[in-house]
Trainee: 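Here's a structure for you.
Start at 1 and go down the list; that is how both ligands and their atoms are numbered. What you see below is based on every heavy atom in this structure, not just the backbone, and it leaves out hydrogens, waters and symmetry mates. Small disclaimer: the values here were computed from a predicted structure and weren't measured. Starting from 1, each residue takes its place in the sequence as its number.
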Amino acid sequence: MAKERLYLFDTTLRDGAQTNGVDFTLADKLAITHMLDELGLDYVEGGYPGANLTDSELFGSERKLKNAVFTAFGMTRRPGRSASNDPGLVAVLDAKADAICFVAKSWDYHVRVALETTLEENLASIRDSVAAARAKRREVLLDCEHFFDGYKANPDYALACARAGYDAGARWVVLCDTNGGTLPHEVEDIVGAVVKHVPGSHVGIHAHNDTEQAVANSLAAVRAGARQIQGTLNGLGERCGNANLVSIIPTLKLKPDFADQFDIGISDDGLHMLLQTSRRLDELLNRASNRHAPYVGESAFATKAGIHASAILKDPATYEHVPPEAVGNRRKLMVSDQAGRSNILAELERIGIAVEKDDPRVARLLDVVKEREAIGYAYEAADASFELLARRMLGQVPDYFDVTQFDVNVEQRINAKGERVTVTMAVVKVTVDKEQVISAAEGNGPVNALDLALRKDLGKYQKYIEGLDLTDYRVRILNGGTEAVTRVLIESRDETGEHWTTVGVSANIIDASFQALMDSIVYKLVKSGAPA
Ligand SMILES: [Zn+2]
């Protein structure tokens with residue numbers, strides 16, 4: 001039997017941007033759009049053209065997307081105005097977008113109190129706005145705000161709003177649980193009633209997570225006949241968030257009840273990218289990833305030692321509901337006693353370091369990893385630093401060079417043009433082959449200056465690091481107060497396209513950065529087979 005198509009609509013950039021502390025730049029929005037497109041999302045809602053500068057710029061330019069329908073969000077025309085005489089609506093209609101998603105009230109109480117208009121005028125506004133967008137040849141979606149609360153209060157009117165959108169030519173009528181308080185059995189009942197009036201193939205669900213059931217509510221709506229799910233990456237969204245697509249996608253792909261009945265736009269390869277996609281968003285937002293996130297969290301397939309670990313080693317399926325690799329995750333036996341040992345051995349094997357199972361250095365490496373992780377190092381995130389640590393312990397890392405001293409100076413002053421400028425300069429003393437080299441460099445900040453000075457002259461090793469580039473630099477303060485410890489993660493790349501991450505931890509941000517920089521350079525030398 002042919003499977004039915006189920007569509008996924010991402011609103012990370014619009015509804016997700018309502019999250020406290022989230023402020024996407026234009027570059028962020030473009031990067032996330034391409035990431036979502038790459039993943040295989042059917043719709044990407046970019047934002048609200050006309051509402052702010054970033055969104056207006058985003059919708060002012062063309063984007064080349066492979067799959068995703070790029071969608072603008074806006075309000076239906078204001079009561080008492082014509083569609084052409086509403087500047088907000090005109091901005092949305094003129095946006096460079098493939099589709100337009102209108103939000104409209106569908107709860108009679110809100111129409112009267114918030115919109116201060118008549119029920120009929122609200123229906124007319126829906127009809128006119130949808131028709132205006134259709135006339136501009138846009139695909140149209142209608143978000144029915146507060147649909148479930150509205151339906152409970154006045155089912156006929158809520159249905160009339162949905163019907164008005166559908167009859168005017170909206171491709172999708174999306175039922176929103178705006179306050180997020182509706183429960184799965186209610187969603188299933190109400191969606192079941194709606195699809196008697198609007199075909200389920202035109203009905204979507206937009207759930208908020210205020211009872212921690214946004215994912216369950218989305219799935220309940222699908223069971224009742226809805227064929228579009230709206231959500232965000234990592235469940236981003238105001239208050240308790242939106243339905244988390246990162247949990248919904250693997251559930252739809254890996255659980256037979258859904259996988260046997262539906263096709264979604266995301267391929268198996270896309271599913272493999274899920275963890276990476278989720279982490280990239282966290283990195284972009286400089287947020288710590290949720291270790292306990294279903295499917296993609298570091299702990300999602302982590303089992304503590306003991307009877308479970310030995311069973312897992314015999315047959316992983318005994319304690320896993322899906323194979324971790326399917327979503328790009330890894331099985332993890334926690335770093336402790338026996339299980340930690342096999343974990344370290346597995347990691348060494350993965351990076352190609354041959355070592356005997358009972359080599360005492362493995363136990364020592366395990367102790368050092370545990371000690372260092374306790375003070376803030378994150379080897380899970382810093383593959384290259386872990387590899388260096390392991391190779392050092394096995395005596396495989398030569399002392400290529402020695403930084404005997406460095407000095408970083410930050411100065412703020414008024415320049416000749418009367419402008420306030422900040423100038424940073426770093427001086428580094430390095431001993432290479434018993435010879436001392438002194439290099440100085442100016443940078444746009446202390447870490448940049450230090451990096452430039454350090455890599456200016458490494459004597460005979462210079463040629464090995466020529467293609468080395470720092471691609472990302474992230475700082476996280478690990479505990480509050482004046483005693484805070486800083487963790488720096490640096491991502492590097494070289495001429496072969498390989499990426500790696502290194503870590504440094506210190507109470508001093510320059511010192512932490514220096515450690516991560518050094519690891520990156522030394523890793524590159526090891527990788528290039530530079531002679532001792
Ligand atoms: Zn919402």
Side-chain angles (χ1 to χ4, degrees), residues 7-24 29 32 36 41-49 51-52 55 69-76 88 92 97 99-107 109-111 114-115 126 129 140-152 158 161-162 165 170 172-184 186-187 190-191 194 203-222 226 228-248 281 285:
Y7 295 84
L8 296 177
F9 182 106
D10 180 279
T11 182
T12 304
L13 300 177
R14 202 273 302 170
D15 225 6
Q18 302 300 315
T19 313
N20 232 337
V22 167
D23 199 8
F24 294 123
K29 283 203 161 196
I32 294 169
L36 291 165
L41 265 293
D42 297 298
Y43 295 85
V44 172
E45 192 170 48
Y48 193 167
N52 59 64
D55 285 0
V69 174
F70 198 69
T71 308
F73 175 85
M75 310 239 266
T76 49
V92 176
I100 295 175
C101 181
F102 288 114
V103 59
K105 307 254 179 240
S106 56
W107 184 354
Y109 165 73
H110 269 261
V111 173
L115 219 52
I126 292 174
S129 307
V140 186
L141 300 93
L142 182 75
D143 270 6
C144 295
E145 201 183 57
H146 298 292
F147 186 85
F148 293 91
D149 297 312
Y151 186 91
K152 287 183 206 168
C161 294
W172 293 101
V173 172
V174 183
L175 313 180
C176 302
D177 185 25
T178 309
N179 291 353
T182 311
L183 301 176
E186 298 174 300
V187 169
I190 294 173
V191 174
V194 172
V203 172
I205 177 77
H206 176 114
H208 279 263
N209 204 30
D210 298 70
T211 70
E212 206 164 19
Q213 299 188 88
V215 170
N217 281 344
S218 305
L219 298 175
V222 170
Q228 185 195 93
I229 298 177
Q230 299 199 342
T232 59
L233 286 180
N234 297 346
L236 224 60
E238 65 182 328
R239 304 190 312 273
C240 316
N242 285 54
N244 185 357
L245 288 174
V246 176
S247 297
I248 289 173
L281 182 74
L285 296 171

Trainee: Quick one: sort the His110 and His146 rings into parallel, tilted or perpendicular, breaks at 30° and 60°.
Mentor: parallel

Trainee: Return yes if a side-chain donor-acceptor contact under 3.5 Å exists between Glu45 and Thr71, otherwise no.
Mentor: no

Trainee: Would you please say whether a donor-acceptor pair under 3.5 Å links the side chains of Tyr151 and Trp107?
Mentor: no

Trainee: Looking from the Zn ion (ligand 1), what is the angle between NE2 on His206 and NE2 on His208, to the nearest 10°?
Mentor: 100°

Trainee: Just wondering, is there an N, O or S atom on Cys176 that's nearer than 2.8 Å to the Zn ion (ligand 1)?
Mentor: no

Trainee: Does one side chain, of His206 or Asp15, offer a donor that lies under 3.5 Å from an acceptor on the other?
Mentor: yes

Trainee: For the Zn ion (ligand 1), give me the closest N/O/S atom belonging to Asp15, just the atom name.
Mentor: OD2

